[in-house]
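The sequence lines fix the lettering, A, B, ..., with proteins before strands; numbering per chain opens at 1.
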Amino acid sequence: MMNQDILNLEYKTLHVVMKMELDGVKIDLKKCKQTLKQLKKFNEKLIRQIQAFTEDEVNLESPPQLHKLLFETLQLQPKIEKVGKNGCYSTDKSHLKKLIDQHEIVPLLLDYRKTISLINFCKQLQNVNLATKRLHGQFNQTGTATGRFSCSKPNLQNIPNVKLKDGETNKLRILESRFREMFVPKRGCQFICADYSQIEIRVAAEMSQDPFLLKAYNETDSNGNKLDVHKLTASEVFEISYSEVTDEQRSIAKSINFGLIYGKTAFGLSATLTEITGKHHSKEQAEDIMSKYFQRFSGVKTCLDALIDFADKHGYSETLYGRRRPIPQLSSSKLSERNAGKRLAMNSPIQGTAADIIKMAMVACDEQIKIKNLKSKLVLQVHDELLFEVPDDEMVVMETLVKNTMENVFRLSIPLEVGLDKGNNWAMAH
DNA sequence: CTTCTCACG
DNA sequence: ACGTACGTGAGAAGG
């Protein structure tokens, strides 16, 4: 059963989405073709290098054949791993990285995978509509479990997002960084890209009313600068002063903050800690950090428990705006299923509330554009981000319109913050 | 049709 | 004891 507020929101959103799909987005086909050519060349070279290690023809797209090549022909030693359903060791990126020192073929395989993936993106982006010469993805408004959009034919919500650091020379990274540059505004226009900053953590702060989380978003440091939520978390968990937090400690705190949204366990956190620090961290060490976290952020703990209780009692979870998601897993007889249900009960209201908010923002921005008789168009939505195609003479008014509308569309006890970028392509580089 | 892998938030 | 972080779509292989 759908709540009336949500139903109204969806009806209003429908018109905005329809226009977004019909308008589509312009692609720099020249850049796309050029990149495809370079990727193909790069890919052929990798194939030659890889095939040199074996006499057999190996289909690198086949995990079973790759398993054979690595662990039988080349005798690599898998690390503490179990086999999958087809009796093979996993050969995905994270597992290959662990084997990187064992054989020079491993980095080549990683690059090969990357080029194949990027080549497919190139092919998809070339399928522009013959009449409009633009790309028209389908934004599916219904169908996801949480209220988010999905996008298909092509999926415009998973375009590589790589920002190069100064002096980066890795050729594949450079090629990968071009993909958002292929999305360009039409003549006489610029893009405005507006994204909500940490919207899910802010929703968690709102739902929990946890004093420390509220403080992170409501208060400033002694110099009047905005606080960094991950840094504040680190200072609480590691019991040090805010200014003493190291980059590594901040990065650990960040993974805790995101982890809480997903119902991460101590086991999962220990793996993340090992990855971040490069040193082994036990489950017990992770448990220590988590218990310290929930001791300090006790409001978060209470909130997550309440979300589980609510879903247990009703059989569904609910967002701040009343969107529901049934969670039948909670009444499963299998413990692992029930645990999965608990994670959904914690995550869905948070992810779903963020989805509600950006739908409201899409509607509100569309209304404002109409009221002011502007020609600016919404061209993409990527979960917490809106991309507008804006005529040059509307730039000034649109910048404030978009930011203000998005930040004020739904009032929380903490501010919603929107980051705004403009440029002549989606990468906004320079 | 299912499994694996990989891109995004 | 159980399995281990949520939500998506695309492409390829293998059955």
Student: Which part of the nucleic acid, if any, lies within contact of A:Gln65, taking any heavy atom under 4.0 Å across all strands shown: a base, the sugar-phosphate backbone alone, or nothing?
Tutor: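 A:Gln65: backbone/sugar contact only, no base atoms under 4.0 Å.
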Student: Side-chain N or O of A:Gln157 versus OP1/OP2 of C:dG7: is the shortest distance under 4.0 Å?
Tutor: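 No, outside the criterion.
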Student: May I ask you to establish whether A:Lys359 and A:Phe149 are in a cation-pi arrangement, using a distance under 6.0 Å from NZ or CZ to the six-membered ring centre and at most 45° from the ring axis?
Tutor: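 Relative to the ring axis of A:Phe149, which defines the angle, A:Lys359 lies inside both limits.
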Student: Look at the rings of A:Phe212 and A:Phe297 and say which category their plane angle falls in: under 30° parallel, 30 to 60° tilted, over 60° perpendicular.
Tutor: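 Rings of A:Phe212 and A:Phe297: tilted, as their planes differ by 30° to 60°.
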Student: Of the options B:dA7, B:dG9, C:dA5, whose atoms approach the side-chain atoms of A:His383 most closely?
Tutor: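 Nearest nucleotide to the side chain: B:dG9.
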Student: Please name the residue in the list A:Lys30, A:Lys163, A:Lys31 that meets the salt bridge (Lys or Arg N to Asp or Glu O under 4.0 Å) test with A:Glu181.
Tutor: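 The passing option is A:Lys31.
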Student: Less than 4.0 angstrom from a charged side-chain N to a carboxylate O is my criterion; do A:Glu417 and A:Lys226 meet it?
Tutor: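 A:Lys226 and A:Glu417: salt-bridged.
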Student: Within the structure, does a side-chain N or O atom of A:Arg113 lie under 4.0 Å from either OP1 or OP2 of B:dT5?
Tutor: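 No, because none of the side-chain N or O atoms of A:Arg113 sits under 4.0 Å from OP1 or OP2 of B:dT5.
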Student: To the side chain of A:Arg148, which of C:dA5, C:dA10, C:dG7 is closest?
Tutor: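 Selected nucleotide: C:dG7.
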Student: Below 4.0 angstrom, N of the basic side chain to O of the carboxylate: do A:Glu200 and A:Arg148 qualify?
Tutor: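 So A:Glu200 pairs with A:Arg148 through a salt bridge.
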Student: Does A:Lys93 put a side-chain nitrogen or oxygen below 4.0 Å from OP1 or OP2 of B:dA7?
Tutor: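 Answer yes for this pair, as a side-chain N or O of A:Lys93 is under 4.0 Å from OP1 or OP2.
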Student: Counting only side-chain N and O atoms of A:Ser62, is one of them less than 4.0 Å from OP1 or OP2 of C:dA12?
Tutor: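 For A:Ser62, the contact criterion (side-chain N or O under 4.0 Å from OP1 or OP2 of C:dA12) is not met.
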Student: Send over the distance from A:Glu61 CD to C:dG11 C1', rounded to a whole Å.
Tutor: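 So the two atoms are 9 Å apart, to the nearest Å.
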Student: Say you pick atom C1' in C:dA5 and the same atom in B:dT2; how far apart are they, in whole Å?
Tutor: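 It works out to 23 Å between them.
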Student: Expressed in angstrom and rounded to an integer, what is the separation of A:Arg343 atom CZ from C:dT4 atom P?
Tutor: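 Value for this atom pair: 7 Å.
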Student: Using a cut-off of 4.0 Å on non-hydrogen atoms, how would the nucleic acid contact of A:Cys88 be classed: base, sugar-phosphate, or nothing?
Tutor: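 Nothing, no heavy atom under 4.0 Å.
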Student: Of the candidate nucleotides C:dA13, C:dA10, C:dG11, which contains the atom at the shortest distance from the side chain of A:Asn120?
Tutor: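 Of all the options, the side chain of A:Asn120 is nearest to C:dG11.
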Student: For a quick check of understanding: with a heavy-atom distance under 4.0 Å over all strands, which category does A:Thr91 fall into, base, sugar-phosphate or nothing?
Tutor: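 Here A:Thr91 touches the backbone only, sparing every base.
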Student: Using side-chain contact (heavy atoms from CB on, under 4.5 Å) as the criterion, list what pairs up with A:Ser62, not counting sequence neighbours.
Tutor: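 With neighbours one apart ignored, the set is A:Asn59, A:Pro64, A:Gln65.
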Student: Using a distance-only test with no angle check, is there a side-chain donor-acceptor pair under 3.5 angstrom linking A:Gln329 and A:Ser332?
Tutor: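 Note: A:Gln329 and A:Ser332 side chains miss the donor-acceptor criterion.
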Student: Look at A:Ser150 and C:dG7 and indicate whether a side-chain polar atom (N or O) is within less than 4.0 Å of OP1 or OP2.
Tutor: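 Checking A:Ser150 against C:dG7: no side-chain N or O falls below 4.0 Å of OP1 or OP2.
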Student: With a 3.5 angstrom cut-off on both distances, give the Watson-Crick or G-U wobble partner of C:dA13, or none if there isn't one.
Tutor: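 Partner of C:dA13: B:dT2.
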Student: What is the distance from CD of A:Gln138 to P of C:dG9, rounded to the nearest Å?
Tutor: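 So the two atoms are 11 Å apart, to the nearest Å.
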Student: Using the closest heavy atom to pick a nucleotide of DNA chain C for each, name whichever of A:Leu335 or A:Gln351 lands nearer the 5' end.
Tutor: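 Counting from the 5' end, the first nearest nucleotide belongs to A:Leu335.
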Student: In whole angstrom, give the distance that lies between atom NZ of A:Lys68 and atom C1' of C:dA13.
Tutor: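 Rounding to the nearest Å, NZ of A:Lys68 and C1' of C:dA13 are 15 Å apart.
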Student: Looking at A:Thr265 and C:dT4, is any side-chain donor or acceptor paired with a base atom of the opposite kind under 3.5 Å?
Tutor: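 A donor-acceptor contact between them is present.
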Student: Ignoring the backbone of A:Ala145, work out which of C:dG7, B:dC4, C:dA5 is nearest its side chain.
Tutor: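 From the listed options, C:dG7 comes nearest.
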Student: With sugar-phosphate meaning primed atoms plus P, OP1 and OP2, does A:Phe149 contact a base, only sugar-phosphate, or nothing at under 4.0 Å between heavy atoms?
Tutor: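 Result for A:Phe149 = nothing.
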Student: Establish, with yes or no, whether the OP1 or OP2 oxygen of C:dT4 is under 4.0 angstrom from a side-chain nitrogen or oxygen of A:Asn339.
Tutor: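 Checking C:dT4 against A:Asn339, no side-chain N or O comes under 4.0 Å of OP1 or OP2.
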Student: Over how many whole Å does the gap from A:Asp92 atom CG to C:dA12 atom P extend?
Tutor: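 Taking atom P of C:dA12 as the reference, CG of A:Asp92 is at 19 Å.
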Student: With rounding to the closest Å, how many angstrom separate the P atoms on C:dT4 and B:dT5?
Tutor: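 It comes out at 15 Å once rounded to the nearest Å.
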Student: Nearest-Å distance, CG (A:Leu109) to C1' (B:dC6)?
Tutor: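 Interatomic distance, CG of A:Leu109 to C1' of B:dC6: 15 Å.
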Student: Just N and O in the side chain of A:Asn140: are any of them under 4.0 Å from OP1 or OP2 of C:dT8?
Tutor: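 Negative; the distance criterion is not met.
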Student: What is the distance from CD of A:Gln124 to P of C:dA12, rounded to the nearest Å?
Tutor: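 Result: 10 Å.
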Student: NA contact type, A:Arg338, heavy-atom cut-off 4.0 Å: base, sugar-phosphate, or nothing?
Tutor: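 Since no nucleic acid heavy atom lies under 4.0 Å of A:Arg338, the category is nothing.
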Student: Would one find a side-chain N or O of A:Lys114 under 4.0 angstrom from OP1 or OP2 of B:dA7?
Tutor: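 Affirmative; the distance criterion is met.
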Student: Going by 5.5 Å between centroids and 30° between planes, is there a stack of A:Tyr262 over C:dC6?
Tutor: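 Here the ring of A:Tyr262 and the base of C:dC6 are not stacked, as the 5.5 Å and 30° limits are not both satisfied.
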Student: Closest to the A:Leu344 side chain: B:dG9, C:dT4, C:dG7?
Tutor: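 The nucleotide sitting nearest to the side chain is C:dG7.
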Student: Measure from the side-chain heavy atoms of A:Val382 and tell me the nearest of C:dG9, C:dG7, B:dG9.
Tutor: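 My answer, after comparing the listed nucleotides, is B:dG9.
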Student: Please report the distance, rounded to the nearest Å, between CD1 in A:Ile358 and C1' in C:dG7.
Tutor: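 Going from CD1 in A:Ile358 over to C1' in C:dG7 covers 15 Å.
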Student: Classify the nucleic acid contact of A:Asn155 as base, sugar-phosphate or nothing, counting any heavy atom under 4.0 Å across all strands shown.
Tutor: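 The answer is sugar-phosphate, as A:Asn155 gets under 4.0 Å only of primed atoms, P, OP1 or OP2.
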Student: At their closest point, which heavy atom of A:Asp356 faces which heavy atom of A:Leu9, and how far apart are they?
Tutor: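 A:Asp356 and A:Leu9 have their closest heavy atoms at O-CD2, 3.8 Å.
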